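Encoded as structure tokens, the structure appears first; notes follow it.
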Number of protein chains: 2
Amino acid sequence: MPNAHDPQLLKGVLSLLLLCLLAERESYGYQLVQRLREIGLSDISDGTVYPALTRLEREGRVTSRLVTSRSGPARKYYRPTEAGYAALAQGTVHWLSLADVVNPVLSRPIPAQPAPPSEEV
Amino acid sequence: MPNAHDPQLLKGVLSLLLLCLLAERESYGYQLVQRLREIGLSDISDGTVYPALTRLEREGRVTSRLVTSRSGPARKYYRPTEAGYAALAQGTVHWLSLADVVNPVLSRPIPAQPAPPSEEV
DNA sequence: GCAAACTACCTTGCTATGTCAAGTAGCAGG
DNA sequence: CCTGCTACTTGACATAGCAAGGTAGTTTGC
């Protein structure tokens, strides 16, 4: 299981990823789930993505249009609005500045863990 | 406001940061708040850090000891347990693998945003 | 026709966790 | 004693990921 990701770590990042993928290419929900899995989020669930898209739309960061499909129900294609592009830019800044905080700390050498006293039982 | 960080982005990262800081140096809560502010999380609140420490302790990732202080109430010093060091290692892996997903996506060039039709008002 | 399988979307309940605000308490200085 | 700093605690609240289940349209095979 190379990809048992911590759900908590994903928080806030997902909407950023979605905006980014949509800026790259107009997509519908089911397709986004597949694209996310392809780029490495192998165990993401659609119950996570659809609500996230709904939120983004409610917040005015994406718009959608329905396109009928010949192999199933209509697809709801999303793409960023102007506000979405702005949010993408700002979210990117936030992510990068968080990484700028976390990475240096993680890469600082851990001083000799005091060998836990081998608790004679 | 150079550091209005997105609260959601911090989720899951905070406990990782705390473990890391504690692996570096045994500290008490108030001090951790200050250390976090120093490394760039300028607007983190103590109401965020103390519960996180309590959780870490409840999960057995840190232990604490009380040390009386001459300038205020007793200080509760925390440091990682063995499980804490393990969690730190694993959390680091999770963080890095998330960054490995997010960074490439963020750095992919955004194709020409279709100029939004300049809505004559 | 009808059932099964696949595509596509939505919703509900659960849970974890950061945030705000308020409270408790010890100590120091005026 | 009252104000202010240090230090920890607690409770109400909001957010957002996740699992599970539900609705529908299309295609295929019988």
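If you're wondering where the values come from, they're calculated on a predicted model, not measured in any experiment.
- Counting to the nearest Å, the C1' atom of dG17(D) and the CZ atom of R55(A) are 8 Å from each other.
- At least one side-chain heavy atom of R79(B) sits less than 4.5 Å from a side-chain heavy atom of T63(B).
- The distance between atom CG of L36(B) and atom C1' of dG18(C), rounded to the nearest whole Å, is 13 Å.
- Note on Y50(A): a side-chain N or O is less than 4.0 Å away from OP1 or OP2 of dC9(C).
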Pairs under 3.5 angstrom, nitrogen or oxygen only, protein versus nucleotides 25-30 of chain C, please.
residue	atom	partner	partner atom	Å
dC27(C)	O3'	R70(B)	O	3.4

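- Nearer to the 5' terminus of DNA chain C, by closest-nucleotide assignment, is the contact made by R75(A) (compared with the other of T48(A) and R75(A)).
- Atom CG in D6(B) sits roughly 12 Å away from atom P in dT15(D) (whole-Å rounding).
- Taking the side chain of P7(A) as heavy atoms from C-beta on, and the options dT19(C), dG17(D), dT9(D), the nearest nucleotide is dG17(D).
- As judged by a 4.0 angstrom heavy-atom cut-off over every strand, G29(A) is placed among residues touching the sugar-phosphate backbone only.
- Side-chain contact between L21(A) and S27(A): absent, with no pair of heavy atoms (C-beta onward) separated by less than 4.5 Å.
- No continuous path of ILVMFWY side-chain contacts below 4.5 Å connects V93(A) to I110(B), so the two sit in separate hydrophobic clusters.
- R35(A) has its side chain within reach of E24(A): a pair of non-hydrogen atoms, C-beta onward, lies under 4.5 Å apart.
- With sequence neighbours left out, E59(A) forms a salt bridge (Lys or Arg N to Asp or Glu O under 4.0 Å) with R61(A).
- Take the nearest nucleotide of DNA chain D for D46(A) and for Q8(A): the residue whose nucleotide is more 5' is Q8(A).
- Atoms CG (L16(A)) and C1' (dA16(D)) sit 15 Å apart, rounded to a whole Å.
- Contact between the side-chain N/O atoms of Y30(A) and the OP1/OP2 oxygens of dT7(C) is found at a separation under 4.0 Å.
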N/O donor to acceptor pairs below 3.5 angstrom from side-chain atoms of residues 11-18 of chain A, sequence neighbours left out:
residue	atom	partner	partner atom	Å
S15(A)	OG	G12(A)	O	3.4

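- Note: CD (Q31(A)) to P (dT7(C)) measures 13 Å, nearest angstrom.
- Spacing between atom CD of Q34(B) and atom P of dA7(D) amounts to 7 Å, rounded to whole angstrom units.
- Nearest to the side chain of L14(B), among dA7(D), dG18(C), dT7(C), sits dG18(C).
- Between the CZ atom of R58(B) and the C1' atom of dT17(C) there is a distance of 11 Å, given to the nearest Å.
- For the pair L53(A) CG and dT11(C) C1', the computed distance is 15 Å after rounding to whole Å.
- Between the base of dT15(D) and the side chain of K11(B) there is a donor-acceptor pair shorter than 3.5 Å.
- When distances run from any side-chain atom of S45(A) to the nucleotides dG18(C), dA19(D), dC8(D), the shortest one goes to dA19(D).
- Side chains of W95(B) and D6(A): no donor on one and acceptor on the other come within 3.5 Å.
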